[in-house]
There are 2 protein chains.
Amino acid sequence: MRIDKVDLFYLAMPRVTRAADGTQDSVLVRLRDASGLEGWGECDASPLVTIAAYACPPSHGNIVGLREVLVGERLETPADVPRIGERVLREALDIEHAHHALSGADIALWDLLGKRLREPAWRLLETVEPGPAGSGLAAPRPKLPYASVLFEETPMATRERARALRAEGFEAVKLGWGPMGRHGEAFDVALVEEARAGLGPGARLLVDAGCAWGEDDEIAWRRARAFAPFEIGWLEEPFLPDAIAAYGRLRRRGPAVPIAAGEGSNRLRFAEDLLENGGVDYIQIDAGRIGGMTAAFRVRRLAERRGATYVNHTFKSHLSLAAAIHVFATAERFELLEYPAGGSELSRALVRDPLLRGRDGLVRAPDAPGLGVEVDLEAVRRFVKPVRIEVAGRVVEETPRV
Amino acid sequence: MRIDKVDLFYLAMPRVTRAADGTQDSVLVRLRDASGLEGWGECDASPLVTIAAYACPPSHGNIVGLREVLVGERLETPADVPRIGERVLREALDIEHAHHALSGADIALWDLLGKRLREPAWRLLETVEPGPAGSGLAAPRPKLPYASVLFEETPMATRERARALRAEGFEAVKLGWGPMGRHGEAFDVALVEEARAGLGPGARLLVDAGCAWGEDDEIAWRRARAFAPFEIGWLEEPFLPDAIAAYGRLRRRGPAVPIAAGEGSNRLRFAEDLLENGGVDYIQIDAGRIGGMTAAFRVRRLAERRGATYVNHTFKSHLSLAAAIHVFATAERFELLEYPAGGSELSRALVRDPLLRGRDGLVRAPDAPGLGVEVDLEAVRRFVKPVRIEVAGRVVEETPRV
């Protein structure tokens with residue numbers, strides 16, 4: 001089959017705030033072949049900038065918009081997906097935004113191909129890069145979902161939030177961003193202490209500093225030590241995404257808790273750099289940013305080879321969550337799954353069949369063809385913001401009717 | 001003063017081809033204060049994607065469009081420019097395209113501030129990051145311009161091109177892209193041999209492979225050896241921009257000629273990674289991509305500390321060339337300047353006062369306030385492609401009349 005049509009949809013809640021809540025809007029990529037078979041993907045990216053990367057007129061041989069590259073491409077076997085992705089990145093070599101934009105198309109390609117071949121994406125992905133002999137499982141392994149939410153504005157409210165999540169049955173919880181890092185050490189420690197108190201002993205507590213300390217490895221090292229008594233599973237993003245040198249310094253000092261980072265990785269090298277030179281223990285990859293499931297899968301392989309732990313970053317809908325879990329469904333050692341537990345109505349309504357926790361509390365990769373989740377067109381209609389772009393009077397983008 | 005207005009202009013030639021010629025279109029950023037004083041900058045980036053990064057509605061606290069961050073910002077002292085840039089990158093943390101987009105604004109900020117303070121940008125830039133004592137010159141040092149053109153389709157035509165550039169008085173010439181790497185070793189060597197024959201002995205010959213060999217350090221090592229007899233000053237971009245591991249492998253093998261790379265650096269870490277882990281001899285930075293003159297200046301300092309050589313990448317108009325030369329005007333050791341010698345009518349018409357070679361063949365940083373070049377509004381009017389973007393019926397971008 002060939003890619004016949006590439007459509008973009010900008011969805012948003014009626015009101016968007018400045019909270020670090022990535023579920024307030026979304027951009028979806030829909031790929032169609034001539035028979036009308038569809039694949040869907042979601043980027044964790046600015047919708048308008050992403051749409052522009054698909055629709056932009058070419059500037060020269062190294063700036064060609066993604067739609068132009070994708071339309072007419074042949075999609076028959078799993079090897080076609082990385083081949084198409086490489087072609088996109090080559091023709092969009094000088095479009096910085098190419099990786100964020102490609103992410104949605106790559107996910108949609110796996111969805112579409114899986115539907116065509118009647119195979120779940122996790123099985124097809126194994127062909128991207130073979131693992132060491134005996135490393136892959138023949139069936140997906142259930143993952144332990146950690147509820148991923150923002151810190152509340154006070155330690156006491158954070159305690160209540162943690163308690164409520166535990167009551168919902170979560171065995172692992174991550175709190176992040178919000179006031180962390182804004183009011184000094186005592187406040188930061190109180191946030192973590194109360195999170196642990198609310199969660200109770202036994203459950204896993206993960207802490208996301210939300211880039212709070214810039215490049216300051218001294219503060220990060222001290223916070224790691226101060227948080228350690230509350231038995232946190234990791235300290236995430238103490239630094240800005242680019243601060244590889246700071247991650248390296250922290251590693252050499254020997255932090256008191258494991259360090260996690262990587263959600264900002266918008267190309268494979270970024271993740272590789274964090275692992276090789278930043279020395280992180282957990283590498284957190286968003287398939288909706290790094291260039292799709294293909295690039296995310298390559299990071300999984302890199303982590304397997306290096307003995308680091310791969311974990312998804314997901315703060316969008318369950319369309320993104322499905323893309324995320326397929327990438328490492330067959331990896332036995334990587335057991336944690338970031339699981340959006342709050343999120344906007346948009347993010348909750350987007351697929352008809354969200355990935356619910358089983359009775360054992362675990363989440364399984366769908367075994368249906370492609371991603372195994374179905375986009376609810378009614379939700380798309382409800383939240384879509386039609387985009388129209390004209391350049392010199394010519395319409396280069398117009399959102400189709402759903 | 002405060003930034004009162006942020007305008008974007010998409011310029012393009014009537015016909016855009018797929019040649020690796022970045023002068024076929026352009027995107028300009030114009031910043032204005034309340035008094036009407038203006039600063040201009042140019043990005044080497046996709047115009048439409050860049051405009052979308054300025055105009056996009058916010059998605060959450062980490063995706064805020066650049067115009068919204070810039071309007072109302074205070075600009076009084078040189079320290080304000082990096083401060084504003086950091087704020088942009090923080091509020092646009094999850095917009096991959098932020099660095100390409102910021103580049104134009106950062107350049108325009110230096111232009112505007114220079115005009116306000118009646119100082120050339122090269123003098124103001126020294127405040128970004130002090131160099132080692134005695135390292136900076138009190139006055140700009142003239143640079144040796146190398147004519148930067150594409151390889152012709154045959155070795156013979158390349159010989160004629162090189163000969164013509166020498167006849168125009170260029171003491172240094174770079175040829176790149178085109179057929180290099182497409183027809184095997186004998187053809188590649190013939191291109192370089194004939195370039196040298198056309199140029200004659202004595203003049204500097206630089207070779208740009210245009211990412212021809214992907215990640216294959218074996219081919220790159222062999223080409224370096226095969227090109228060495230023709231006394232080339234460097235072999236540029238043998239690999240794709242992300243292939244840091246391949247650059248590192250080539251370095252460890254000991255290539256027969258110096259290696260240059262870096263034009264794809266769209267963030268400071270990218271250049272740092274190439275220097276630290278790729279081991280390149282020449283680091284080539286485009287101020288129109290990496291986040292502006294501020295980020296480029298930081299790479300200059302990094303190169304000074306590491307003993308590597310900084311050189312500009314410029315393949316746009318002389319507005320970009322002016323931005324480029326100010327960054328390293330006071331660096332004594334960095335003597336080469338990439339100088340667009342071909343280029344479209346648009347790129348040649350854009351400023352009224354291009355940076356011509358002096359009678360000694362050298363190029364000097366302007367000593368006038370700001371960038372020291374004046375955008376020709378007539379050229380902007382002639383080449384502008386008005387952009388109009390609507391989201392859910394609301395106009396979020398409309399190119400103003402010039």
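Chain naming here is simple, since letters A, B, ... match the order of the sequence lines and numbering starts at 1 in each. Just so it is clear, the values below take in all heavy atoms, side chains as well, and ignore hydrogens, waters and symmetry mates.
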* **Largest heavy-atom contact set with chain A, pairs under 4.5 Å, which of B:Ala55, B:Ala20, B:Ala101, B:Gly22** => B:Gly22
* Toward chain B, the part of A:Val387 with a non-hydrogen atom under 4.5 Å -> both
* Is there a donor-acceptor contact under 3.5 Å linking the side chains of B:Ser320 and B:Glu42? -> yes
* Any ion pair linking A:Glu68 and B:Arg18 (charged N to carboxylate O, less than 4.0 Å)? -> yes
* Structure fact -> One option among B:Cys211, B:Ala45, B:Pro47, B:Gly61 has the most heavy-atom pairs under 4.5 Å with chain A, and it is B:Gly61
* Name the option with the most non-hydrogen atom pairs under 4.5 Å to chain B; the candidates are A:Asn266, A:Ile389, A:Val391. => A:Asn266
* Checking heavy atoms, do the side chain of A:Val64, its backbone, both or neither come under 4.5 Å from chain B? -> side chain
* Checking heavy atoms, do the side chain of B:Asn62, its backbone, both or neither come under 4.5 Å from chain A? -> side chain
* Part of B:Phe270 within contact of chain A (heavy atom distance under 4.5 Å) -> side chain
* Could you have a look at A:Pro241, A:Ser59, A:Ala243 and say which one has the most heavy-atom pairs with chain B under 4.5 angstrom? => A:Ser59
* Mind ranking A:Gly65, A:Gly393, A:Cys56 by heavy-atom pairs under 4.5 Å with chain B and telling me who comes out on top? => A:Cys56
* Between A:Arg269 and A:Glu272, is there a salt bridge with N-O shorter than 4.0 Å? -> yes
* Is A:Arg289 salt-bridged to B:Asp94, going by a charged N under 4.0 Å from an acidic O? -> yes
* Parallel, tilted or perpendicular: ring planes of B:Phe315 versus B:His313, cut at 30 and 60 degrees -> parallel
* To do: May I ask you to check whether B:Gln284 and B:Glu338 show a side-chain donor-acceptor distance below 3.5 Å?
  => no
* **Best-contacting candidate, B:Thr50, B:Ile63, B:Val396, B:Ile95, against chain A by heavy atom pairs under 4.5 angstrom** => B:Ile63
* Asked: Under a 4.5 Å heavy-atom cut-off, does chain B meet the side chain of A:Leu89, its backbone, both or neither?
  -> neither
* Against chain B, label A:Ile51 side chain, backbone, both or neither, depending on which of its atoms sit under 4.5 Å from a heavy atom there. => neither
* Asked: chain B: which of A:Ala245, A:Gly264, A:Pro57 shares the most heavy-atom pairs with it under 4.5 Å?
  -> A:Pro57
* Of the backbone (N, CA, C, O) and the side chain (C-beta and beyond), which part of A:Ala53 lies under 4.5 Å from a heavy atom of chain B, both, or neither? -> both
* To do: Return the option, out of A:Glu397, A:His60, A:Lys385, A:Arg90, with the maximum number of heavy-atom pairs under 4.5 Å with chain B.
  => A:His60
* Structure fact -> Turns out that what part of A:Val384 lies under 4.5 Å from chain B's heavy atoms comes down to neither
* Is it true that A:Glu129 and A:Arg301 make a salt bridge, defined as a side-chain N closer than 4.0 Å to a carboxylate O? -> no
* Side chains of B:Ser344 and B:Gln24: donor-acceptor distance under 3.5 Å anywhere? -> no
* Quick one: what part of B:Thr17 sits under 4.5 Å from any heavy atom of chain A, side chain, backbone, both or neither? -> backbone
* Could you go step by step and tell me if B:Leu250 and B:Phe239 meet the side-chain contact (heavy atoms from CB on, under 4.5 Å) rule? -> CA-CA 10 Å; B:Leu250 180 60; B:Phe239 308 122; 3.8 Å; yes
* Using non-hydrogen atoms and a 4.5 Å limit, figure out which bit of B:Ala98 sits close to chain A: side chain, backbone, both or neither. => backbone
* Asked: Taking it one step at a time, do B:Asp273 and B:Arg267 satisfy salt bridge (Lys or Arg N to Asp or Glu O under 4.0 Å)?
  -> CA-CA 10 Å; B:Asp273 195 14; B:Arg267 44 178 72 197; over 6 Å; no
* To do: For B:Thr23 and B:Gly343, indicate whether the former's side chain and the latter's backbone hold a donor-acceptor pair under 3.5 Å.
  => no
